[in-house]
Protein chains: 4
Amino acid sequence: MSEETDRSGLDRLMLFSDGVFAIAITLLVLPLTDAEIPEDGVGAALVELWPQIFTFALSFAVIGRYWMVHHQMFGRIVRTDTRLLTLNLFYLFGIAFLPFPTSVLGEHGDEAAVVVLYAGNLIVVGLASVLLWSYASYGQRLTSPDVTPRAARASLAGGIAPTLGLVPSIPLAFLEPGWAKYSWLLIIPFSVVGDRLFPQTDA
Amino acid sequence: MSEETDRSGLDRLMLFSDGVFAIAITLLVLPLTDAEIPEDGVGAALVELWPQIFTFALSFAVIGRYWMVHHQMFGRIVRTDTRLLTLNLFYLFGIAFLPFPTSVLGEHGDEAAVVVLYAGNLIVVGLASVLLWSYASYGQRLTSPDVTPRAARASLAGGIAPTLGLVPSIPLAFLEPGWAKYSWLLIIPFSVVGDRLFPQTDA
Amino acid sequence: MSEETDRSGLDRLMLFSDGVFAIAITLLVLPLTDAEIPEDGVGAALVELWPQIFTFALSFAVIGRYWMVHHQMFGRIVRTDTRLLTLNLFYLFGIAFLPFPTSVLGEHGDEAAVVVLYAGNLIVVGLASVLLWSYASYGQRLTSPDVTPRAARASLAGGIAPTLGLVPSIPLAFLEPGWAKYSWLLIIPFSVVGDRLFPQTDA
Amino acid sequence: MSEETDRSGLDRLMLFSDGVFAIAITLLVLPLTDAEIPEDGVGAALVELWPQIFTFALSFAVIGRYWMVHHQMFGRIVRTDTRLLTLNLFYLFGIAFLPFPTSVLGEHGDEAAVVVLYAGNLIVVGLASVLLWSYASYGQRLTSPDVTPRAARASLAGGIAPTLGLVPSIPLAFLEPGWAKYSWLLIIPFSVVGDRLFPQTDA
């Protein structure tokens with residue numbers, strides 16, 4: 001198979017992935033557009049929709065962050081094969097599913113089961129991301145020869161760091177369900193520390 | 001018409017197809033986000049949504065698999081013409097329709113009519129896939145000259161194998177509607193055997 | 001502005017247009033996935049949904065046809081400017097609006113107002129298509145120098161022919177609303193005659 | 001990082017952005033397809049839906065205009081980095097959110113809170129656009145060396161001009177909520193004057 005055809009296979013993989021990312025991130029608004037707003041007091045109703053607006057912003061940031069990590073990984077991948085396509089589909093499965101936990105979280109954010117569902121979904125995405133990158137980078141199977149081991153570790157850390165920040169919310173969900181989702185803010189320091197330890201030299 | 005313009009025609013066909021695939025696969029989540037979840041007992045409600053979650057995963061895997069087959073076919077096609085565009089639209093019609101049977105199956109999975117609708121939709125996609133490839137590859141009409149007859153047969157088998165795995169579910173739907181959908185798991189061995197007999201040398 | 005940048009401007013225009021086409025064509029399924037299906041007698045309910053299934057197929061064919069015409073036009077356009085972007089947005093407005101008349105037609109197909117709404121929408125798309133092509137091809141403003149006047153007329157006819165086939169349905173809607181939509185089948189002979197008189201030499 | 005890889009990073013950014021633009025603009029039709037239309041008097045019901053049709057057209061024009069401005073900016077950007085990706089995500093957040101104010105505006109267009117929500121959303125998009133361009137063009141950080149200061153100011157004005165046209169509607173919303181939305185028509189002269197003062201030499 002010529003290098004040129006390889007390129008086109010990789011282009012379609014990214015095209016399709018970007019489509020799924022873009023659609024999943026845009027569908028997040030649907031629970032808001034579908035919300036019932038009573039004729040009197042739109043202002044108050046908008047304030048009441050605050051949990052849905054917050055989860056929209058949260059999931060938008062999460063999908064956006066994963067898109068950036070995906071983007072960095074595939075900037076270092078130069079070839080594709082059937083297994084990579086399959087692993088990528090598994091990864092996208094997690095992205096396409098996220099509007100469901102987002103919608104449930106917006107309506108019932110204080111229950112343990114919902115917190116576990118949401119965090120669980122994102123942990124699956126994180127694991128799929130690690131799997132995808134490990135497969136592609138092992139022995140430079142599908143990566144560019146100029147990817148240094150340092151850059152390879154940076155891509156791996158990009159998937160692991162936010163996932164680690166989610167784990168504490170699962171036990172917390174059973175102790176203090178109302179507080180568990182705030183522990184997701186741990187993603188931010190975990191990601192920042194991850195980016196410091198394993199810097200991405202480029203976008 | 002220059003080769004360069006040909007390329008751009010083919011690029012748009014793939015762009016549009018990938019768009020339809022990506023949207024259809026992402027819309028599958030809508031019956032889940034639209035589901036009514038009562039205020040008490042979100043955990044139990046989530047368990048009750050299991051059939052919808054299962055059909056989401058099933059249709060995601062099916063559309064993902066067909067995307068991969070489409071991807072392999074078009075990796076071997078180098079030119080396009082009006083008939084190919086029309087056949088491809090017919091193919092995409094089947095993909096864009098699938099969220100409907102998926103939604104019905106999630107709610108009423110034990111009825112014969114629903115099983116027939118779902119399997120029938122996928123059989124139409126399989127037939128469209130065979131038609132598309134036969135048209136493109138006959139006498140190397142639109143395929144690359146370095147596509148061997150062996151590779152041509154592999155692409156054909158990629159469309160036929162999962163389709164054959166669906167056929168038994170249709171008579172079964174009238175005998176044991178509740179069990180018919182499990183017979184779809186036959187797609188997996190059929191696809192694996194198909195891939196073994198007619199190996200895809202590349203993605 | 002360099003030729004290379006021109007190319008990239010045109011690529012984004014097509015990317016965005018293909019996105020709108022792909023999404024509009026895939027959203028057509030939503031009235032079907034949202035349909036209420038009673039627990040008993042799914043088979044009968046599916047038969048009752050026939051008008052919605054028919055309008056899904058009709059609008060899918062219509063958007064698909066317009067995508068092909070758009071595709072042929074832009075295969076002959078090599079440059080872009082702000083006015084072309086604006087005209088194209090106006091054209092896409094008509095495409096993105098179509099799921100609304102489609103949904104109304106599926107539920108209330110026998111009323112004159114609905115037939116006029118649907119046909120009116122498509123006539124606007126046809127006019128936008130004629131406007132777009134006339135602007136781009138006038139004095140080879142934005143078209144490739146190797147576009148013959150014959151090919152320019154073929155692209156024009158591609159937009160006009162199906163539009164003409166829709167016009168008779170508007171007076172007919174007031175006389176026999178139930179029959180008016182069947183007069184849309186006139187699109188097929190009009191398109192075929194148009195393609196014969198002004199053949200597209202390529203896709 | 002090679003120039004070629006840079007190009008591919010930028011291509012994915014635009015691909016993803018165009019996806020979000022295309023989906024957001026196409027989702028605007030959903031409040032229309034979801035509208036309840038009584039069996040008798042479809043014509044009258046269609047007339048009653050006029051506010052929703054108007055807000056569909058308004059938001060379509062707004063997203064279309066922002067897409068064109070985005071398109072012009074990125075026609076002048078040749079490199080990408082992590083900060084640009086993040087700023088672009090923030091920008092797209094504003095675009096993806098717009099279907100929500102659009103839907104509320106269609107139903108409750110005469111209330112101050114709704115006018116503020118809609119105008120506020122667009123002002124955020126305008127500010128994100130200014131931020132994005134300032135970051136990219138400051139000291140030609142990520143822009144092409146042949147971008148003149150004049151062209152840089154034109155791109156900046158493209159984001160500021162429509163935003164300024166929206167500001168008067170916010171105080172007006174508290175005085176005359178029913179009239180505030182008509183003040184948005186100020187966007188047109190503001191944009192025209194902006195384009196005159198800082199002409200875009202190309203698309």
Side-chain angles (χ1 to χ4, degrees), chain A residues 1-2 4-6 8-28 30-31 34 79-86 88-117 142 173 177, chain B residues 7 10-11 14-47 49 52-53 56-57 59-61 63-65 67-72 74-78 144 146-147 151 158 195 199-203:
Chain A
M1 189 187 208
S2 73
E4 201 269 344
T5 322
D6 259 330
S8 123
L10 203 56
D11 279 352
R12 275 200 80 179
L13 184 152
M14 290 197 272
L15 217 71
F16 179 69
S17 304
D18 279 357
V20 171
F21 275 112
I23 300 153
I25 217 171
T26 321
L27 289 185
L28 296 171
L30 292 185
D34 288 352
R79 271 182 303 281
T80 178
D81 64 12
T82 306
R83 280 203 190 83
L84 188 77
L85 292 180
T86 309
N88 192 53
L89 276 174
F90 177 56
Y91 178 95
L92 294 177
F93 178 84
I95 297 292
F97 193 70
L98 195 64
F100 171 53
T102 302
S103 158
V104 181
L105 186 71
E107 279 183 78
H108 309 280
D110 293 340
E111 291 197 40
V114 179
V115 170
V116 172
L117 179 74
L142 304 171
Chain B
R7 189 72 235 159
L10 203 56
D11 280 353
M14 291 197 273
L15 217 70
F16 179 69
S17 303
D18 279 356
V20 171
F21 275 112
I23 300 152
I25 216 170
T26 322
L27 289 184
L28 296 171
V29 83
L30 291 186
L32 282 170
T33 61
D34 288 352
E36 283 302 317
I37 291 175
E39 198 62 51
D40 55 318
V42 172
L46 290 176
V47 170
L49 279 172
Q52 270 95 326
I53 295 173
F56 169 78
S59 287
F60 194 97
I63 295 184
R65 165 84 198 180
W67 175 74
M68 281 174 67
V69 172
H70 193 265
H71 180 96
Q72 282 164 338
F74 278 88
R76 289 165 176 152
I77 291 178
V78 288
S144 159
D146 57 323
V147 171
D195 287 353
Q200 308 287 344
T201 46
D202 50 69

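All values reported here derive from a predicted model rather than from experimental measurement. Below, chain A is the first sequence line, B the second, and so on; all start at residue 1.
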Verify the ring-centre separation between F56(B) and F93(A): is it less than 6.0 angstrom?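 Yes, they do, as the ring centres are separated by less than 6.0 Å.
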Restricting to pairs with a member in residues 17-27 of chain A, which pass salt bridge (Lys or Arg N to Asp or Glu O under 4.0 Å), not counting sequence neighbours?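 Qualifying pairs, neighbours excluded: D18(A)-R12(D).
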So which part of L117(A) gets closer than 4.5 Å to some heavy atom of chain B, the side chain, the backbone, both or neither?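 Only the side chain of L117(A) comes within 4.5 Å of chain B.
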Considering only heavy atoms from C-beta outward, does the side chain of E107(A) approach that of I37(B) to under 4.5 Å?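 SC-SC contact between E107(A) and I37(B) ruled out.
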Please rank L92(A), V116(A), T102(A) by heavy-atom pairs under 4.5 Å with chain B and give me the top one.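 Ranked by contacts with chain B, first place is L92(A).
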Once you round to the nearest 0.5 Å, how far does CZ of R65(B) lie from OG1 of T86(A)?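 Spacing of CZ (R65(B)) from OG1 (T86(A)) equals 8.5 Å.
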Rounded to the nearest 0.5 Å, what's the gap from CE on M14(B) to CG on L15(A)? Could you check?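 Interatomic distance, M14(B) CE to L15(A) CG, rounded to 0.5 Å: 9.0 Å.
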For the student: nearest non-hydrogen atoms of [X] and [Y], plus distance:
X       : Y       : value
F60(B)  : L89(A)  : CE2-O, 3.3 Å
L49(B)  : F100(A) : CD1-CZ, 3.7 Å
A113(A) : G43(B)  : CB-CA, 3.7 Å

With a 3.5 Å cut-off and sequence neighbours excluded, list the donor-acceptor pairs that the side chains of residues 21-36 of chain B form with protein atoms.
from	atom 1	to	atom 2	distance (Å)
T26(B)	OG1	A22(B)	O	2.4
T33(B)	OG1	L30(B)	O	3.1

